[in-house]
Amino acid sequence: QVQLQESGPGLVKPSQMLSLTCTVSGGSITTSYYAWSWIRQPPGKGLEWMGAIAYDGSTYYNPSLKSRTSISRDTSSNQFSLQLSSVTPEDTAVYYCARTQPLTGYGDYWGQGTQVTVSS
């Protein structure tokens with residue numbers, strides 16, 4: 001029973017950094033061979049995979065967001081985090097963390113999502 005919970009500020013000002021943390025319970029983020037992903041959904045749009053950190057600490061990013069995105073982890077607290085720099089109102093979305101499986105990248109466990117609004 002893997003559970004994920006997103007946390008972080010719900011409002012970020014343009015040009016600032018968006019920072020979110022995903023707390024994982026019921027499973028270790030270092031367990032082979034899973035990855036831990038961030039996915040977002042802007043209002044009225046589809047899901048967009050942002051990036052992931054794998055069980056061994058390797059990171060992978062959506063090329064369209066790579067220049068602004070950083071994913072890290074804290075194994076002692078079983079958490080992984082997202083940082084998105086230089087945000088604009090177009091970054092307003094519901095942000096999800098999820099466990100993703102190797103090869104397919106399928107998300108088998110998801111957090112409930114957290115709304116982040118970029119506004120001055």
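Keep in mind the model is a prediction, meaning the values are calculated, not measured. As a basis for the values below, the full set of heavy atoms in this structure was taken, side chains included, without hydrogen atoms, waters or symmetry mates. Nothing fancy with the numbering, it's 1 onward along the sequence.
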With the side chain counted from C-beta on, respond yes when [X] and [Y] share a heavy-atom pair under 4.5 Å apart, and no when they do not.
X	Y	value
Tyr95	Gln115	no
Gln5	Gln112	yes
Glu6	Trp38	yes
Ser37	Tyr96	no
Arg99	Thr31	no
Glu48	Asn62	yes
Pro14	Thr88	no
Arg40	Leu84	yes

Go through the side-chain N and O atoms of [X] and [Y] and say whether any donor and acceptor fall under 3.5 Å apart.
X	Y	result
Thr23	Gln79	yes
Thr75	Thr30	no
Ser72	Ser81	no
Ser119	Thr117	no

Item to complete: Apply side-chain contact (heavy atoms from CB on, under 4.5 Å) to Trp110 and Leu4, showing your working.
Response: CA-CA 6 Å; Trp110 293 66; Leu4 300 90; 5.9 Å; no
Item to complete: May I ask you to establish whether Arg73 and Phe80 are in a cation-pi arrangement, using a distance under 6.0 Å from NZ or CZ to the six-membered ring centre and at most 45° from the ring axis?
Response: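 Not flagged: Arg73 not positioned over aromatic ring of Phe80.
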Donor-acceptor pair, side chain of [X] and main chain of [Y], under 3.5 angstrom:
X	Y	answer
Thr69	Leu65	yes
Thr92	Val118	yes
Tyr61	Ile71	yes

Item to complete: Decide whether Tyr60 and Ile29 are clustered together by the hydrophobic rule: side chain heavy atoms of Ile, Leu, Val, Met, Phe, Trp, Tyr closer than 4.5 Å, transitively.
Response: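 In one cluster: no.
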Worksheet item: Would Val94 end up clustered with Trp49 when hydrophobic side chains under 4.5 Å apart are linked, directly or stepwise?
Response: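 Yes, it is one cluster - the side chains of Val94 and Trp49 are joined through contacts under 4.5 Å.
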Discussion item. Let's go through Ser28 and Asn78 carefully: what are the C-alpha distance in whole Å and the side-chain angles of both, what is the deciding distance for side-chain contact (heavy atoms from CB on, under 4.5 Å) to 0.1 Å, and is it a yes or a no?
Written reply: CA-CA 6 Å; Ser28 173; Asn78 211 38; 4.1 Å; yes
Worksheet item: Could you walk me through whether Gln3 and Tyr109 pass the side-chain contact (heavy atoms from CB on, under 4.5 Å) check?
Response: CA-CA 7 Å; Gln3 295 181 330; Tyr109 291 94; over 6 Å; no
Worksheet item: What about Tyr55 and Tyr33, are their ring centers closer than 6.0 Å?
Response: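 Yes, they do, as the ring centres are separated by less than 6.0 Å.
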Looking at [atom1] of [X] and [atom2] of [Y], how far apart are the two atoms once the value is rounded to the nearest 0.5 Å?
X	Y	atom1	atom2	answer
Ile39	Thr100	CD1	OG1	7.0 Å
Met17	Ser70	CE	OG	8.0 Å
Gln16	Asp91	CD	CG	12.5 Å
Leu18	Lys13	CG	NZ	14.5 Å

